[in-house]
Engineer: 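This structure is in structure tokens; I'll ask about it shortly.
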Amino acid sequence: MGTNTKIKSNKKQKEILHISGAEAVVRCLLAEGADLVYGYPGGAIMPIYDELFKFQNKLHHVLTRHEQGATHAAQGFARTSGKVGVALATSGPGATNLVTGIADAQIDSTPIVCITGQVASHLLGSDAFQETDIIGISTPVTKWNYQITKASEIPIVMAKAFYIARSGRPGPVLIDITKDAQFEEFDFSYEKCKGIRSYFPYPKLSDENLEEALLLIDQAKKPLVVWGQGVILGNAEEEFKIFLEKSGIPAAWTILGLSAIPTDHPSNRGMVGMHGNYAPNLLTNECDLLIAIGMRFDDRVTGDLSKYAKQAKIIHLELDPAEVDKNVKVDVALLSDCKITLKELNNRISAKTYPEWIARFEALDKIENDKVIHSDLFPSKEGLTMGESIEMINKYSNNDAIIVTDVGQHQMVACRYAKFSQSKSNVTSGGLGTMGFALPAAIGAKMGAPDREVVAVIGDGGYQMTIQELGTIFQQQAAVKIVVLNNDFLGMVRQWQQLFFDKRYASTEMVNPDFVTIAKGFRIKAKKVVNRNDLDIAVKEMMSSKEPYFLEVCVEKEDNVFPMIPSGASVSDIRLE
């Protein structure tokens, strides 16, 4: 209980709390089960931090080294725990530093609540010190935001914030609280939000549309499932697995859908999209039925929309009505929580097999294996590859680690080759493609799943965008394993420059610092690998460590990631070299 808390009785002799707005914020967090928050203090949010100090035995605050790190850590925590992540920041630059992580959470449907301090209400609009209109700035990238100017608003607004963040299609919410509202005292009571007028987060499944979908599934000769993160967010992994096994339909994933079913599941045919697998990309334009589950037809998945699956009937299982017909016109929309929809389908579909259709996948898989995969994982050349580095992590994690990736070539390689045995194991920045995401997100991922190994796989470019979060890892002693695949380039941009800009490597070659020395400066165990003969023992040592560990793997400077669909091309134009 805060030191300024007063208890009084109302006319019904019920004890109520008379407390400050700042204490109310902390009590709201605890009432919502948020006992872990990330943030960075400052003047406008200092009253809340004062209360966090008083409640530190109940609520653990993680001091990140930058506010962007706080949002990414909150994202990582949400992605592995299934809970709402929380990030705190002060006004002005503190608040604006959250925006990248908020935008990332918005496009990747990650539930986080961000709380920012604001100048006193009488100063709003006066350009006061560290005043910024964070409500106006964040409106396009939040599911909801609200500015509190009276302490009495705090309980109902906080309850709405958590309800909106986690319900329906999840997303980020930002609450901005003026400093005088944090100091103001009021009679506090709290009730969780169970619904909001005019907000309907869970559409009701149409029986008519369900019948149409069942008929299309029954008639299909060459069906294909493409699934996304909606399966994971809907906690529908078991229903999805039953659907695949009963229907016999081959399935492919978007990068955010990865790990919803085990990598070695027989229905799993790999990744779709720009650097996805050969078979599912090509056969998207040969299937007669495309069943999209919890995915939004992102441009990196579809390529040229005018040539995407034009021969196929399309069924879309989706929770968010705004995503239906947004990019791809579908024949049947099954609007509902996919857990509910899949249960209904499972009760009524017939068991089938598609031997000739599956054989088509297997033939194309062999082509990709011979031309790309074998040389990525078992290279004959002297230099190390990213692929063999990921394969070594698989070996010593027993395919059971959470892999957190940044953005670039290493991300595509990790998504292609990392092996998973359980859900919520792949944490990456998908829609926004945020370099600097992985290191702080790995901190949150480890805290969200403390009993699991967490490996952050990062490129040398993205690593340096949030390298200061090594300080957070050291202070918290978060046992994150950090692998930097160093090719001394901004590798993905360099690949495009090589293939499409006549090898004009404009501002992509990196002159890097001594990463091992930097890690040791934060008292983190560190090692550098240059030769293949040293990779096995180094990864083994890293994975067996109970403490934070940094491993730099120097890989080939000009290796490219294939397959690849050139920007704006059709999925049928996928290149193997």
Side-chain angles (χ1 to χ4, degrees), residues 104 107-108 224-229 251-259 268-287 290 292 294-310 326-328 361 364-365 367-369 371-373 376 385-387 390 403 405-418 426 428-435 437-438 457 459 461-462 485 487 489-501 508 558-577:
D104 195 288
I107 201 165
D108 281 356
L224 173 64
V225 167
V226 176
W227 87 86
Q229 190 184 201
W253 38 269
T254 70
I255 63 169
L256 291 179
L258 176 57
S259 85
N268 189 343
R269 307 309 312 192
M271 179 170 73
V272 291
M274 182 170 282
H275 291 286
N277 293 102
Y278 194 49
N281 272 308
L282 274 181
L283 298 183
T284 295
N285 278 1
E286 292 186 24
C287 67
L290 180 63
M295 55 87 76
R296 58 189 181 84
F297 293 107
D298 176 72
D299 64 294
R300 287 296 175 103
V301 167
T302 65
D304 184 353
L305 282 170
S306 70
K307 299 177 182 178
Y308 182 78
K310 290 301 179 182
K326 185 178 80 173
N327 296 326
V328 173
F361 281 88
L364 293 171
D365 287 345
I367 292 172
E368 182 182 356
N369 185 70
K371 289 196 172 184
V372 177
I373 296 175
D376 277 352
T385 68
M386 294 186 183
I390 301 301
I403 307 292
T405 48
D406 214 79
V407 173
Q409 286 181 314
H410 71 278
Q411 177 191 33
M412 296 296 102
V413 171
C415 287
R416 284 175 54 79
Y417 297 128
N426 173 55
T428 194
S429 173
L432 196 64
T434 305
M435 292 179 69
F437 171 87
V457 179
L485 300 179
N487 57 12
F489 268 109
L490 299 177
M492 186 62 82
V493 183
R494 185 213 55 76
Q495 177 169 335
W496 282 53
Q497 289 171 333
Q498 177 185 339
L499 298 176
F500 308 115
F501 293 87
T508 48
E558 295 187 70
D559 261 3
N560 291 329
V561 183
F562 287 104
M564 180 182 184
I565 301 170
S567 180
S570 164
V571 292
S572 300
D573 297 325
I574 187 169
R575 297 170 51 171
L576 291 174
E577 56 188 8

Engineer: Looking only at the side chains, is there a donor atom on one of E368 and N277 sitting less than 3.5 Å from an acceptor on the other?
Structural biologist: yes
Engineer: Hey, is the main chain of D304 close enough, under 3.5 Å, to the side chain of S570 for a donor-acceptor pair?
Structural biologist: no
Engineer: With side chains defined as the heavy atoms from C-beta onward, is the minimum distance between M386 and N487 less than 4.5 Å?
Structural biologist: yes
Engineer: What distance separates F500 CZ from Q495 CD, expressed to the nearest 0.5 Å?
Structural biologist: 8.0 Å
Engineer: Within the side chain of H275, is there an N or O that forms a donor-acceptor pair under 3.5 Å with the backbone of P563?
Structural biologist: yes
Engineer: Any side-chain heavy-atom pair from V571 and V272 closer than 4.5 angstrom?
Structural biologist: no
Engineer: Of all heavy-atom pairs between D406 and M435, which one has the smallest distance, and what is that distance?
Structural biologist: OD2-CA, 3.2 Å
Engineer: Would you say the side-chain atoms of Q411 pair up with the backbone N or O of S429, donor to acceptor, closer than 3.5 Å?
Structural biologist: yes
Engineer: When rounded to the nearest 0.5 angstrom, what distance separates CG in L305 from NZ in K310?
Structural biologist: 7.5 Å
Engineer: NZ/K307 to CG/N285 distance, rounded to the nearest 0.5 angstrom?
Structural biologist: 10.0 Å
Engineer: Has W227 got a side-chain atom pairing as donor or acceptor with G257's backbone, closer than 3.5 angstrom?
Structural biologist: yes
Engineer: Between OG1 of T508 and CZ of F489, what distance do you get to the nearest 0.5 Å?
Structural biologist: 5.5 Å
Engineer: Has N327 got a side-chain atom pairing as donor or acceptor with F297's backbone, closer than 3.5 angstrom?
Structural biologist: yes
Engineer: For Y417, give me all partners under ring-ring contact (aromatic ring centres under 6.0 Å, His included), at least two apart in sequence or on another chain.
Structural biologist: none
Engineer: If I take atom CG from residue L283 and atom OH from residue Y278, how far apart are they, to the nearest 0.5 angstrom?
Structural biologist: 9.5 Å
Engineer: Provide the closest heavy-atom pair for D108 versus T428 in the form atom of the first, atom of the second, distance.
Structural biologist: OD2-O, 3.7 Å
Engineer: Check whether any side-chain heavy atom of R269 sits under 4.5 Å from a side-chain heavy atom of D365, and report yes or no.
Structural biologist: yes
Engineer: Does G273 offer a backbone N or O that forms a donor-acceptor pair with the side chain of N281 under 3.5 Å?
Structural biologist: yes
Engineer: Would you mind reporting whether R416 and I373 have side-chain heavy atoms less than 4.5 Å apart?
Structural biologist: yes
Engineer: Taking all non-hydrogen atoms of both residues, which atom of M412 and which atom of V561 are closest, and how far apart?
Structural biologist: CB-CG1, 4.0 Å
Engineer: Taking G270's backbone N and O only, do any of them form a donor-acceptor pair with W253's side chain (distance below 3.5 Å, no angle check)?
Structural biologist: yes
Engineer: With a sphere of 6.0 Å drawn around NZ of K326, does it hold more than 12 non-hydrogen atoms of other residues, nucleotides or ligands?
Structural biologist: yes
Engineer: Could you go through the side chain to side chain contact (heavy atoms under 4.5 Å, CB included) check for V457 and I403 one step at a time?
Structural biologist: CA-CA 7 Å; V457 179; I403 307 292; 4.0 Å; yes
Engineer: Hey, does V372 have a side-chain heavy atom less than 4.5 Å from the side chain of M564?
Structural biologist: no
Engineer: Rounded to the nearest 0.5 Å, what's the gap from CG on L256 to CE on M295? Could you check?
Structural biologist: 11.0 Å
Engineer: Test of understanding: with side-chain hydrogen bond (donor to acceptor under 3.5 Å, both in side chains), list the residues that count as partners of D559, not counting sequence neighbours.
Structural biologist: K381
Engineer: Using every non-hydrogen atom in the two residues, find where C415 and N426 come nearest and quote the distance to one decimal.
Structural biologist: SG-OD1, 4.1 Å
Engineer: Give the minimum heavy-atom separation between D573 and A569, together with the two atoms involved.
Structural biologist: OD2-CB, 3.7 Å
Engineer: So do the side chains of M271 and I255 get within less than 4.5 Å of each other, counting heavy atoms only?
Structural biologist: yes
Engineer: Do L576 and F562 have side chains that approach each other closer than 4.5 Å (heavy atoms only, starting at C-beta)?
Structural biologist: no
Engineer: Please find the pair of heavy atoms, one from R575 and one from P566, that lie closest to each other, and give the distance.
Structural biologist: CD-CG, 3.9 Å
